[in-house]
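Structure first, commentary second.
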There are 2 protein chains.
Amino acid sequence: MGHTDTKTRILDAAEKLFARQGFDATSLRMLTREAEVNLASVNYHFGSKEELIKAVIARRILPLNAIRIERLQKIKNIARAEDCPPDIREILLAFLEPTFAFRKSARGAQDFISLIGRAFSDPRDTVRKVFMKMVEPVFQPLFELLCEALPSLPRNVVYLRLNFMLGAMAHSMNISQMCQLIPDGLSFKVDSNTLVEQFVVFVENGMEAPYE
Amino acid sequence: MGHTDTKTRILDAAEKLFARQGFDATSLRMLTREAEVNLASVNYHFGSKEELIKAVIARRILPLNAIRIERLQKIKNIARAEDCPPDIREILLAFLEPTFAFRKSARGAQDFISLIGRAFSDPRDTVRKVFMKMVEPVFQPLFELLCEALPSLPRNVVYLRLNFMLGAMAHSMNISQMCQLIPDGLSFKVDSNTLVEQFVVFVENGMEAPYE
DNA sequence: GTTCGATTTAAACAACTGTTTTAAATGTGT
DNA sequence: ACACATTTAAAACAGTTGTTTAAATCGAAC
């Protein structure tokens, strides 16, 4: 292999194109041209386009989830030790910060994050199911911790609010590079830091809203 | 024409299939088979598949926006007359209620709503641009009203929070019929009414959060 | 009843899709 | 240096895509 591993070249190109054009709109021919590899190598290394999609998602999300789970577990342990409900903001940050940190780290990271936002609402069962399966192990402790932090709320309300957050998050991931709804010709340059800060503030207050 | 207009039969079938399978995954052959019309009739009546997509969106969103704009205008007039900032919850309801009301009205309405949620994050420039253009006339007064209702917040913060809301909304539209992240095998039956109520509570509190 | 435009039909179009095949090239361990 | 498995390469595969064509059918006005 002259430069980079063929497998990772494919993954990188796929990540980029899938994120910017979508899964269906990206043909294996564009993809292999972008990666400068042979057309057949996708099927050779990954078996099929669909398996490639899974691989693209798995490569990034698994280590990311490991970090999130670890942080959530730490919060849970402290709450158990001190025998007091965990802090909401800490829970949110445990989930959000790794995402945004990762987003700024690797080169293709930004592409991947917006890809995640898309997979979240993908119409194809296969893609969404795979994605869901990967997210579940972090969703579950996140949900349980939130329930502990918000003991006055029914579980199904916490569940709804958690989904609101995930939706807002998925959308926010695309804001920066997305064709936006620009009010009055005034386009706001979205700074990544203020985005995170404001997101946490918004969600925290939404989460803590009294149950009417 | 024996039963319904060919054009609307195509629109109905397209609305249904686009929402459930996505734009790309729905071929014109499935579509025309579902609509029980001839394959060529799509190109005859709409020119192309892409124009059909636009038509599907426009048919529902234009009247919906008219209602929302009217309600927003009414709020604005009252606020002007009484010389006091408008109420946030009223603003939110002016935007949300027509959506959910419509969702329960027509038969294909539910499909359309989830289709909207998808168009909102569609990777293709064409689809998203068209959708954005249709949403803009309601986004603008909504944004301005929110700024008036939240005078202590910088405009770009209001802008961000509004986007959070739209993201949460787009996602929530798919919750009911979506393959969900089911925590602990406990699947919550999502009641449409509590969904709306909780959504308003969540967003209202998020919007009103103090600017840190 | 005939004529004319609008609509529908079936068939064919070229382009592209993901995948497979076959052969050559490359690298690895002995 | 040889033999062997892995990887790359080019070409062809069968199937599907959106779109177009050209003939058939329909519906109303005259």
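Here the structure is a predicted model, which means the values were calculated and not measured. Naming convention: chains lettered A, B, ... in sequence-line order (proteins, then strands); numbering from 1 in each chain.
- Of the candidate nucleotides dT19(D), dA9(D), dA11(D), dA9(D) has the atom nearest to the side chain of N38(A).
- Comparing dA12(C), dT17(D), dA10(D) against the side chain of A40(A) picks out dA10(D) as the nearest.
- Atom CD1 of I53(A) is separated from atom C1' of dT17(C) by 14 Å (rounded to the nearest Å).
- A sub-4.0 Å separation between OP1 or OP2 of dT8(D) and a side-chain N or O of S41(A) is absent.
- You'll find the side chain of F202(B) reaches within 4.5 Å of the side chain of F202(A), heavy atoms only.
- One interatomic measurement links the two molecules: CZ of R29(A) to P of dC13(D), which rounds to 14 Å at whole-angstrom precision.
- Remark: P of dA10(C) and CZ of R33(B) are 14 Å apart, rounded to the nearest angstrom.
- With contacts defined as side-chain heavy-atom distances shorter than 4.5 Å, the pair D12(A)/R59(A) qualifies.
- Atom-to-atom, CZ of R124(A) to C1' of dG18(C) comes out at 12 Å; the value is rounded to the nearest Å.
- Salt-bridge check for E34(A) with R9(A): failed, with every basic side-chain N at 4.0 Å or more from each acidic carboxylate O.
- Distance, R9(A) CZ to dT7(D) C1': 14 Å, rounded to whole Å.
- Atom CD in E36(A) sits roughly 14 Å away from atom P in dT8(D) (whole-Å rounding).
- Rounded to an integer number of Å, the gap from L17(B) CG to dT17(D) P is 12 Å.
- Here the closest heavy-atom approach between residue V138(A) and residue R68(A) is recorded as CG2-CB, 3.8 Å.
- Backbone-only engagement by T26(A) is indicated by non-hydrogen atom pairs under 4.0 Å involving sugar-phosphate atoms exclusively.
- By the 30° and 60° cut-offs, the orientation of the rings of F100(B) relative to F199(B) is tilted.
- The overall bend of the helix from dG1(C)-dC30(D) to dG29(C)-dC2(D), read as the angle between its terminal helix axes built from five base pairs each, is 10° when rounded to 10 degrees.
- A side-chain hydrogen bond (donor to acceptor under 3.5 Å, both in side chains) with D111(B) is found for one member of R20(B), K16(B), R103(B) and no other, namely R20(B).
- Using a 4.5 Å heavy-atom cutoff, the side chains of M165(A) and L146(A) are not in contact.
- The residues E15(B) and R60(B) are annotated as salt-bridged, a charged nitrogen and a carboxylate oxygen being separated by less than 4.0 angstrom.
- In this structure, L39(A) atom CG and dT19(C) atom P are separated by 10 Å, rounded to whole Å.
- Ion pairing of E136(B) with K133(B) is absent here, as no side-chain N (NZ or NE/NH1/NH2) approaches a carboxylate O to less than 4.0 Å.
- Near DNA chain C, meaning a heavy atom under 4.0 Å away, the residues from residues 43-50 of chain B are Y44(B), H45(B).
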